[in-house]
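Inspection log for the structure reproduced underneath, given as structure tokens.
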Number of protein chains: 2
Amino acid sequence: MAPRARLRGLGDNARMRISARADYAVRAALLLAGAEGAEPMKAEAIADAQEIPHKFLEGILNDMRRGGLVVSQRGIRGGYRLARPGAEISVADVVRAVEGPLVSVRGVRPPELAYSGPAESLLPLWVALRANVRHILEGVSLADIAAGRLPDFVHALAQDPAAWSNP
Amino acid sequence: MAPRARLRGLGDNARMRISARADYAVRAALLLAGAEGAEPMKAEAIADAQEIPHKFLEGILNDMRRGGLVVSQRGIRGGYRLARPGAEISVADVVRAVEGPLVSVRGVRPPELAYSGPAESLLPLWVALRANVRHILEGVSLADIAAGRLPDFVHALAQDPAAWSNP
DNA sequence: AAGCTTCCCTACCCTTTTCGTAGGAATTCG
DNA sequence: CGAATTCCTACGAAAAGGGTAGGGAAGCTT
């Protein structure tokens, strides 16, 4: 067991961020996608496999259940299964189930904003940004990731070495 | 399913968010872009024009000065000017000056992450997402917005009516 | 029915971030 | 000098982020 360095505490501030919740949720869903057809998977098994705090994960799985993404079963043979095939669940579905809207500006969704003066064209910019984020996250399914085959338009973006550098 | 109570204004949860700081910063910069060549603009004038709390804005302008985006002048004829022409300052420049990295996952930038099992291809997805956000925010300059002419590839995204709907 | 086991629900806790406000020091102009 | 304006530090309330704890409800298995 490699002692994974969990560096935290230093204020790494970034505004467009994927939270731990969302990251954990997607990873859990990916495990479920890999176990399709088999027995339901227990929260603790998922937590162990992906190194996610298991009580925290329980809450996340619950959100996904409320969002209709997974179905649960209690009791000794209980656990979680995907509610639909992994090919029909997008990453956007998962993120939205545990976090709400994908993109917001000052706490509201872009269409609710009102700008004046030279900032008027700022609104279409935020809308375009959101559309682009949606395009990516809605265009990738759990099955895609589990199979290691991202859609071409995503794969192409990730191929660019510049995409991997931190400026 | 009970819809979560959503207070207006703040308290809305979304993970890829443009903070008030970033939004204010861009709007202030746009005003400065519109006043290029004229006298330096005072923080209070910007605050009034864009309805931004003026002491809060002062701090934001200061961050932009430290980031080399604006230059300031003290005293009775003081104020702020852009350090470079608005056509040479991107929205990404502004956002980064006041908030740091554009995208992070669980507090770190994507290349620092390590995934295992079926989540392995999650990393290229986050990287692609970041590349796309960068592409948009780095591809639009203050002058573009102030002139109301977004680049074609952004304009096209904003044209789609679906981009304006909240699912 | 008893007893596990597992999900489900509520409440709490601590730290960091967010969005500001307040007051004053430093600088520049007239 | 004196007024205006930027610059700096500190403080503060509220929310979000990331968990923990404990127990209730439901479903097997025997």
Side-chain angles (χ1 to χ4, degrees), chain A residues 6-25 28 32 39-47 51-66 70-81 98-101 104-107, chain B residues 1-2 4-25 28 32 39-48 51-66 70-81 98-101 104-108:
Chain A
R6 216 164 251 270
L7 45 124
R8 291 196 8 194
L10 277 184
D12 187 273
N13 58 338
R15 294 300 62 92
M16 312 197 72
R17 73 163 75 161
I18 307 293
S19 65
R21 266 184 97 71
D23 186 58
Y24 291 162
L32 295 178
E39 298 205 317
M41 221 175 156
K42 304 186 201 319
E44 191 144 34
I46 300 173
E51 298 184 84
I52 301 171
H54 115 275
K55 281 300 247 181
F56 192 36
L57 178 63
E58 275 193 1
I60 293 168
L61 286 164
N62 232 305
D63 284 347
M64 287 201 269
R65 182 185 55 86
R66 289 196 200 93
V70 306
V71 292
S72 63
Q73 172 85 8
R74 295 205 242 201
I76 184 107
R77 311 202 49 184
Y80 297 87
R81 279 171 293 123
V98 302
E99 297 193 329
S104 74
V105 179
R106 260 166 44 230
Chain B
M1 52 171 71
R4 233 176 327 191
R6 243 159 233 278
L7 270 56
R8 82 175 269 300
L10 295 179
D12 212 28
N13 58 339
R15 294 303 64 99
M16 312 195 76
R17 73 160 77 158
I18 307 293
S19 66
R21 263 185 102 71
D23 185 58
Y24 292 162
L32 295 178
E39 299 205 316
M41 217 175 161
K42 304 187 202 315
E44 191 144 32
I46 301 173
D48 287 352
E51 299 184 85
I52 301 171
H54 115 275
K55 279 301 248 180
F56 191 35
L57 177 62
E58 274 194 1
I60 293 168
L61 286 165
N62 231 305
D63 284 347
M64 287 201 270
R65 181 186 55 87
R66 289 197 199 92
V70 306
V71 292
S72 62
Q73 172 87 4
R74 294 205 247 201
I76 183 105
R77 310 202 50 186
Y80 297 88
R81 280 172 292 121
V98 301
E99 299 193 327
S104 75
V105 179
R106 259 166 45 227
V108 306

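Lettering follows sequence order; numbering is per chain, from 1. Quantities reported herein were computed from a predicted structural model and do not represent experimental measurements.
- Side-chain contact between B/His54 and B/Asp48: absent, with no pair of heavy atoms (C-beta onward) separated by less than 4.5 Å.
- Spacing between atom CZ of B/Arg21 and atom P of C/dT21 amounts to 13 Å, rounded to whole angstrom units.
- The base of C/dG23 is paired with the side chain of B/Lys55 by a donor and an acceptor separated by under 3.5 Å.
- Distance A/Arg106 CZ to C/dT17 C1': 18 Å, rounded to the nearest Å.
- Residue contacts shown for A/Glu58 include a base, since a base heavy atom lies under 4.0 Å away.
- At whole-Å resolution of the value, CD in B/Glu39 and P in D/dA4 are 16 Å apart.
- For D/dC8, the OP1/OP2 oxygens have a side-chain nitrogen or oxygen of B/Arg66 closer than 4.0 Å.
- Contact record, A/Pro40 with A/Arg81: CA-CG, 3.8 Å, taken as the closest heavy-atom pair.
- Rounded to an integer number of Å, the gap from CD1 of B/Ile52 to P of C/dT18 is 17 Å.
- Between B/Val71 and B/Arg65, every side-chain heavy-atom pair lies at or beyond the 4.5 Å cut-off.
- With distances taken from any side-chain atom of B/Asn62 to the nucleotides C/dC29, C/dG20, D/dC8, the minimum falls on D/dC8.
- Atoms CZ (A/Arg77) and P (D/dT29) sit 5 Å apart, rounded to a whole Å.
- The nearest whole Å value for the distance from the CD atom in B/Glu51 to the P atom in C/dG20 is 13 Å.
- Between D/dT20, C/dG20, D/dG27, one nucleotide has an atom nearer to the side chain of A/Gln73 than all others, and that is D/dG27.
- Listed nucleotides C/dC7, D/dT6, C/dC9 differ in distance to B/Tyr80; the shortest reach to its side chain belongs to D/dT6.
- Heavy-atom distances to DNA chain D give each of A/Ile76 and B/Ala43 a nearest nucleotide, and the one nearer the 5′ end belongs to B/Ala43.
- Under a 4.0 Å N-O distance rule, the pair A/Arg77/A/Glu39 qualifies as a salt bridge.
- Backbone-only contact: A/Lys42 has heavy atoms under 4.0 Å from sugar-phosphate atoms and none from a base.
- Ranking C/dT28, D/dT29, C/dG20 by closeness to the B/Ala20 side chain, first place goes to C/dG20.
- In this model, no side-chain donor or acceptor of A/Arg74 finds a partner on the base of C/dT6 within 3.5 Å.
- Within the structure, a side-chain polar atom (N or O) of A/Ser72 is placed less than 4.0 Å from OP1 or OP2 of C/dC8.
- In this structure the side chain of A/Ser19 never reaches within 4.5 angstrom of the side chain of A/Tyr24, judged on heavy atoms.
- At least one side-chain nitrogen or oxygen of A/Arg65 sits closer than 4.0 Å to the OP1 or OP2 atom of C/dC9.
- For B/Phe56 and C/dG20, the CZ to C1' distance is 6 Å, given to the nearest whole Å.
- Across all strands shown, B/Gly79 has heavy atoms under 4.0 Å from sugar-phosphate atoms exclusively, and none from any base.
- Annotation: side chain of A/Arg21 is in contact with side chain of A/Asp63 (closest heavy-atom distance under 4.5 Å).
- Counting to the nearest Å, the C1' atom of C/dT18 and the CZ atom of B/Arg17 are 8 Å from each other.
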